[in-house]
Protein chains: 2
Amino acid sequence: MRSDRMKGNLDALLLAVLQSGAAHGYEVIAELRRRSGGEFDMPEGTVYPSLHKLENEGLLESEWDVVDGRRRRTYRLTAPGAAALARERAEWARFSVGMNAVLVGL
Amino acid sequence: MRSDRMKGNLDALLLAVLQSGAAHGYEVIAELRRRSGGEFDMPEGTVYPSLHKLENEGLLESEWDVVDGRRRRTYRLTAPGAAALARERAEWARFSVGMNAVLVGL
DNA sequence: TTCTCATACCTAGGGATCCTAGGTTACCGA
DNA sequence: TCGGTAACCTAGGATCCCTAGGTATGAGAA
């Protein structure tokens, strides 16, 4: 996927994945790939800074743990995060309706 | 519409509007607003530079004319522009399927 | 054992994209 | 003549994502 089109939607995707349960960064990337049927294959350099930003904004919270000698930071959605996700979904809906109207003529 | 989400989709929108017939910049903006039901209200400082870029890339061509003493630059889609639009539509389709899969779980 | 692959994290800097903010010219109706 | 609308333009800034590099561990191959 050409990723310019990604811009502005990444937060929504990350929050959506984490709504299904806590996960660490690497796992979020894999889950995003899986759910999108391979369409969204985000580089780590994109996802990690984004997760940090979302945590800074209070939409996620994280905690470190160690599994098999490997450290992981596990993220979970906060209440404000869930609210933000609801807004993102609504915006996406309006946006995609507009896009289809102009592009496809629906 | 929060316009971050716009990023990467603007070219597709402009090409799509111009596929319905030649138009000048101001008119493209109005038509975009109309077709999207008011959702896409693009600033001139966004649209004009984009039209110039598309012309530079050979996807549009333009010509000056004067109507009621006002000069206008009328743009029309080229053959490469039509091809690019077809690609953009296909990409949009794949992208929005992916987004819906992750966001809405469809 | 050593090498490579996968897991798992990180950041600085750059490139692309869009918008803000400012400017110009011309017509028209009050 | 003054504001509103039509119509164009650009420089610079903000934002967003990616490239490219780095670190560390475990598991399996050679």
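In this text, all values refer to a predicted model and were calculated from it rather than measured experimentally. Lettering of chains follows the sequences in order, A, B, ..., and the numbering in each one begins at 1. Just so you know, these numbers use all the heavy atoms, side chains as well, and skip hydrogens, waters and symmetry mates.
Each of D11(A), L13(A), L60(A), V28(A) was compared with S50(A) under the side chain to side chain contact (heavy atoms under 4.5 Å, CB included) criterion, and only D11(A) meets it. Residue E63(A) is tested with R72(A), R76(A), R73(A) for a side chain to side chain donor-acceptor pair (under 3.5 Å); the sole match is R76(A).
Atom CZ of F95(A) and atom P of dC18(C) are 10 Å apart (whole Å). Residue N56(B) contributes atom CG, which lies 15 Å from atom C1' of dC9(D) at whole-angstrom precision. Look at CE on M42(B): it is 17 Å from C1' on dC8(D), rounded to the nearest Å. A straight line from CG of L51(A) to P of dC9(C) spans 9 Å, rounded to a whole angstrom. Following rounding to the nearest Å, D68(A) (CG) and dA6(C) (P) show an atom-to-atom distance of 18 Å. For the pair N9(A) CG and dC18(C) C1', the interatomic distance rounds to 15 Å; values are reported in whole Å. Atom CG of L14(B) and atom P of dT17(C) are 13 Å apart (whole Å). Atom CZ of F40(B) is separated from atom P of dT17(C) by 18 Å (rounded to the nearest Å).
As judged by a 4.0 angstrom heavy-atom cut-off over every strand, E27(B) is placed among residues making no nucleic acid contact. Looking at heavy-atom distances under 4.0 Å, R72(B) makes contact with sugar-phosphate atoms alone, never a base. At a threshold of 4.0 angstrom between heavy atoms, the contacts of G69(B) are confined to the sugar-phosphate backbone, with no base atom among them. Contacts of G45(A) with the nucleic acid, taken as non-hydrogen atoms under 4.0 Å apart, include base atoms.
Closest contact between the side chain of H24(B) and the listed nucleotides dA7(D), dT11(C), dT10(D) involves dA7(D). Here the side chain of E44(A) is nearest to one of dA8(C), dC18(D), dA26(C), namely dA8(C). Among the nucleotides dC18(D), dA26(C), dT11(C), the one closest to any side-chain atom of P43(A) is dC18(D). Among dC17(D), dC27(C), dC9(C), the nucleotide with an atom closest to any side-chain atom of S50(A) is dC17(D). When distances run from any side-chain atom of W64(B) to the nucleotides dC8(D), dT7(C), dT20(C), the shortest one goes to dC8(D). For R70(B), counting side-chain heavy atoms from C-beta on, the closest listed nucleotide (dT5(D), dC9(D), dG26(D)) is dT5(D). For Y26(B), the listed nucleotide lying nearest its side chain is dT5(D); candidates were dC9(D), dC9(C), dT5(D).
A salt bridge is absent between E91(B) and R87(B): the closest approach of a Lys/Arg side-chain nitrogen to an acidic carboxylate oxygen does not fall below 4.0 angstrom.
In this structure, P49(A) and P49(B) both approach DNA chain D, and ranking their closest nucleotides by distance from the 5' end singles out P49(B).
Dashed line: the shortest gap from a side-chain N or O of R71(A) to OP1 or OP2 of dT23(D) is not under 4.0 Å. Listed pair Y48(B) / dC8(D) meets the phosphate criterion, a side-chain N or O lying under 4.0 Å from OP1 or OP2. In this model, the phosphate group of dC8(D) is not approached by any side-chain N or O of H52(B) to a distance below 4.0 Å at OP1 or OP2.
T78(A) contributes a side-chain N or O that, together with a main-chain N or O of L59(A), makes up a donor-acceptor pair within less than 3.5 Å.
Here S20(A) contributes atom OG and E31(A) contributes atom CD; the two are 6.5 Å apart, rounded to the nearest 0.5 Å. Rounding to the nearest 0.5 angstrom, the gap separating the CE atom in M42(B) from the CG atom in L14(B) is 7.5 Å.
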